[in-house]
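Let me begin by presenting the structure, written as structure tokens, before commenting on it.
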Amino acid sequence: DKLKKSLAKTKESINEKFNTVLKTFKKIDDDLFDELEEVLITSDLGVNTSMDIIEKLRQAAKEKKLRDSYELKSELNKIMSDILTEGSGSKIELQGTPAVIMVIGVNGVGKTTSIGKIANMYRNQGKSVLIAAADTFRAAAIEQLEVWSERAGVDIIKQQEGSDPAAVIYDAVNAAKSRNIDILLCDTAGRLHNKKNLMEELKKIYKILNRELPNSSKEVLLVLDATTGQNAVQQAIQFKEAADITGIILTKLDGTAKGGIVLAIKNDYDIPVKFIGVGEKIDDIEPFDPVEFVNAIID
Ligand code: GDP
């Protein structure tokens, strides 16, 4: 299927390298664990997460008396699944009418495309969706979002370039309430070069949302480009300081070998991935399923 295909390169990076190491090993010893740790580090899991995983594997090997590469790999699969399912989960909260999904992220990561795909996905599920164009910094961004809202067949609330994002949100909330909308998708700012401004902007938006929609869930999803690997991890850290991120939309997983950052972001910062982008077309998005993901990169 599409997920497996998209993760083929990540699998090649992790699974094939594991197989190479496991094929030649003689006994389960420190050298073997060092080599396996190296595989994880070179597969973009980050040093810290790679060390955590191998430490857990080392303990499990001792306690459960694992003997062969088959048992080691199935234990590794379990350790990775546990990391992705413990703590904050990947489930998308959709409470209230409308439920709110805010989307943030820097230019070029795939923010506009993802909003269009998500709008389309929920619309196909029979839900009503409204998009708020509250990233008002660039006129081109608003126009692009309009193109995607048309593709998805959902309405968009916008004002002109440079207008107050909070005012756009206020308009959109009122429109959503009066139209009985299920999901309000808000495109919000992506400028990280001024963290203080971003924080202020989001705070204002939060205030309106909490006042006007006290009973609605509010997802704050950060869009990250998987092809940038450890840079994406750095962006997650920086955005986390400025906003209460509830999850990640990881784009461009198709064709990259760096899918392992999913584990680094979850293990080190407890931010779950909630959606994955697997192509440029409107259908190329999936809610993130941790177990499917791990099964697709290790067999
Ligand atoms: P924005 O500036 O963050 O709003 O980014 P856009 O939504 O305009 O996307 C930037 C580029 O990334 C476009 O060429 C998209 O087609 C591409 N893109 C977005 N998501 C994906 C994805 O999941 N896979 C691939 N292959 N390309 C994507």
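Note that ligands are numbered from 1 as they come in the structure, with each ligand's atoms numbered from 1 the same way. The figures here come from the full heavy-atom set of this structure, side chains too, leaving out hydrogens, waters and symmetry mates.
Of the candidates G277, G108, G279, it is G108 that places a heavy atom closest to atom 1 (P) of ligand 1. In the candidate list K111, Q144, K117, E280, E280 is nearest to atom 15 (C) of ligand 1, counting heavy atoms. When the heavy atoms of D284, I115, N107, D254 are ranked by distance to atom 25 (C) of ligand 1, first place goes to D254.
Given atom 4 (O) of ligand 1, the protein heavy atom at minimum distance is T112 OG1, 2.5 Å. Counting protein heavy atoms only, atom 5 (O) of ligand 1 is closest to G110 N, 3.1 Å.
A donor and an acceptor atom, one from each side chain of T42 and K17, are located under 3.5 Å apart. Residues S6 and D254 bring no donor and acceptor atom of their side chains to less than 3.5 Å of each other. No side-chain donor-acceptor contact under 3.5 Å links N48 and N267. The closest side-chain donor-acceptor pair between S128 and D182 falls under 3.5 angstrom.
Electrostatic pairing of K281 and D283 does not count as a salt bridge here, judged by no charged N lying under 4.0 Å from a carboxylate O.
Looking at I285 against ligand 1, nothing comes within 4.0 Å, counting heavy atoms. With a heavy-atom cut-off of 4.0 Å, T113 touches ligand 1 through backbone and side chain alike.
Put simply, part of K252 is less than 4.0 Å from ligand 1, judged by heavy atoms.
Among residues two or more places apart in sequence or in another chain, the salt bridge (Lys or Arg N to Asp or Glu O under 4.0 Å) test is passed with R58 by D30, E55.
Taking every non-hydrogen atom of V278 and a distance limit under 4.0 Å, the qualifying atoms of ligand 1 come out as 23 (O). Near V106, meaning under 4.0 Å from any of its heavy atoms, are these atoms of ligand 1: 3 (O).
Outside the 6.0 Å centre-distance limit, the rings of F288 and F275 are not counted as a close aromatic pair.
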